[in-house]
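Before any comments, here is the structure.
This chain uses plain numbering: 1 for the first residue, then up along the sequence.
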Amino acid sequence: MPRTIHGHETRHHKLKKNYCFACGPDNPEGMHLKFVLDEARQTFVCKFRLSKRYTGPPGHCHGGIIATILDDAMGKVNKLHHVIALTKEMTVEYLKPVPLHKPLHVEGREVSVHGRQHINEAEILNEKGEVLARSRGVFIAIDPEKMFGKFVER
């Protein structure tokens with residue numbers, strides 16, 4: 001059974017509030033994406049629809065929002081190792097326009113881990129299973145106490 005994955009916490013680090021634009025429940029202007037872990041596939045999945053607020057080309061999503069969704073999906077994958085890792089770099093392939101008001105989902109998965117470096121991939125798919133956009137990212141595990149200590153519950 002899939003487990004819901006919340007925000008940017010790990011089992012070792014709890015946030016006072018999560019204002020992440022993509023997944024933060026405490027951001028009233030955010031996207032409120034909700035990811036679940038497909039344990040069998042070790043993949044993080046989020047189903048969503050995009051409103052006109054995210055318009056780029058007429059009837060379709062803005063490329064920056066597409067990149068945001070892919071980045072968040074890849075970032076969730078680091079939870080498999082109970083680390084917080086920040087995006088060092090990412091590439092995005094925009095394969096087909098991402099439509100507004102249609103059922104979509106994003107999937108993030110691990111490619112490899114080398115020390116603090118985590119390499120992940122993600123794809124946005126339509127309801128037919130067609131890949132509309134994909135990304136690959138390099139994430140660097142950080143010590144959240146050093147970097148974000150004042151924002152973390154102790």
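Nearest heavy atom pair, residue Val77 against residue Gly108, reads CG2-C, 3.4 Å. Residues Gln42 and Glu39 approach most closely at NE2-O, 2.9 Å, considering heavy atoms. Taking all atoms of both residues into account, the shortest heavy-atom contact from Cys46 to Leu33 is SG-CB, 3.8 Å. Nearest heavy atom pair, residue Val113 against residue Glu110, reads CG2-OE1, 3.5 Å. The heavy-atom pair separating Ala67 from Tyr94 by the smallest distance is CB-OH, 3.9 Å.
For the pair Thr91 and Ser135, the minimum side-chain heavy-atom distance is 4.5 Å or more. Two residues are said to be in side-chain contact when any heavy atoms from C-beta on lie closer than 4.5 Å; Leu95 and Arg134 meet this criterion. At least one side-chain heavy atom of Asn18 sits under 4.5 Å from a side-chain heavy atom of Cys23. Lys102 is not listed as a side-chain neighbour of Asn126, based on a closest heavy-atom distance of 4.5 Å or more. Residues Lys34 and Lys47 are not in side-chain contact: their nearest non-hydrogen atoms beyond the backbone lie 4.5 Å or more apart. Inter-residue side-chain proximity for Met74 and Phe139 is flagged as met; some heavy-atom pair is nearer than 4.5 Å. His118 has its side chain within reach of Val83: a pair of non-hydrogen atoms, C-beta onward, lies under 4.5 Å apart. The side-chain heavy atoms of Phe48 and Ile69, taken from C-beta on, include a pair separated by under 4.5 Å.
Tyr54 OH to His101 NE2: the interatomic distance, rounded to the nearest 0.5 Å, is 12.0 Å. With rounding to the nearest 0.5 Å, the separation of CG in Leu125 from CG in Leu132 is 6.5 Å. The CG atom of Leu50 lies 5.5 Å from the CG atom of Leu104; values are rounded to the nearest 0.5 Å. Separating the CE atom in Met31 from the OG atom in Ser51 is a distance of 8.0 Å, to the nearest 0.5 Å. Here His60 contributes atom NE2 and Ile65 contributes atom CD1; the two are 15.5 Å apart, rounded to the nearest 0.5 Å. In this structure, Asn78 CG and Thr87 OG1 are separated by 8.5 Å, a value rounded to the nearest 0.5 Å.
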Derivation of the salt bridge (Lys or Arg N to Asp or Glu O under 4.0 Å) call for Arg136 and Glu89: CA-CA 8 Å; Arg136 186 175 183 102; Glu89 63 182 45; over 6 Å; no
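Under the 4.5 Å side-chain contact rule for hydrophobic residues, Ile142 and Val138 do not share a cluster. Linking ILVMFWY residues whenever their side-chain heavy atoms come closer than 4.5 Å, directly or via other members, places Phe21 and Leu100 in the same cluster. Hydrophobic clustering keeps Ile140 apart from Leu70 (ILVMFWY residues linked when any side-chain heavy atoms are closer than 4.5 Å, directly or through intermediates). Hydrophobic clustering places Met90 together with Phe35 (ILVMFWY residues linked when any side-chain heavy atoms are closer than 4.5 Å, directly or through intermediates).
Side-chain atoms of Gln117 do not come within 3.5 Å of backbone N or O of His114 as any donor-acceptor pair. His32 places a side-chain N or O within donor-acceptor distance of the main-chain N or O of Asn27, the cut-off being under 3.5 Å. Listed for the Thr43 side chain is a donor-acceptor partner under 3.5 Å among the backbone atoms of Arg41.
Using modelled atom types and a 3.5 Å distance limit, the side chains of His105 and Glu127 yield no donor-acceptor pair.
A salt bridge links Lys96 with Glu130: at least one charged nitrogen is closer than 4.0 Å to a carboxylate oxygen.
Atom NE2 of His62 is surrounded by 12 or fewer heavy atoms from other residues, nucleotides or ligands within 6.0 Å.
A side-chain contact (heavy atoms from CB on, under 4.5 Å) with Phe44 is found for exactly one of Val36, Leu80, Asp38, namely Leu80.
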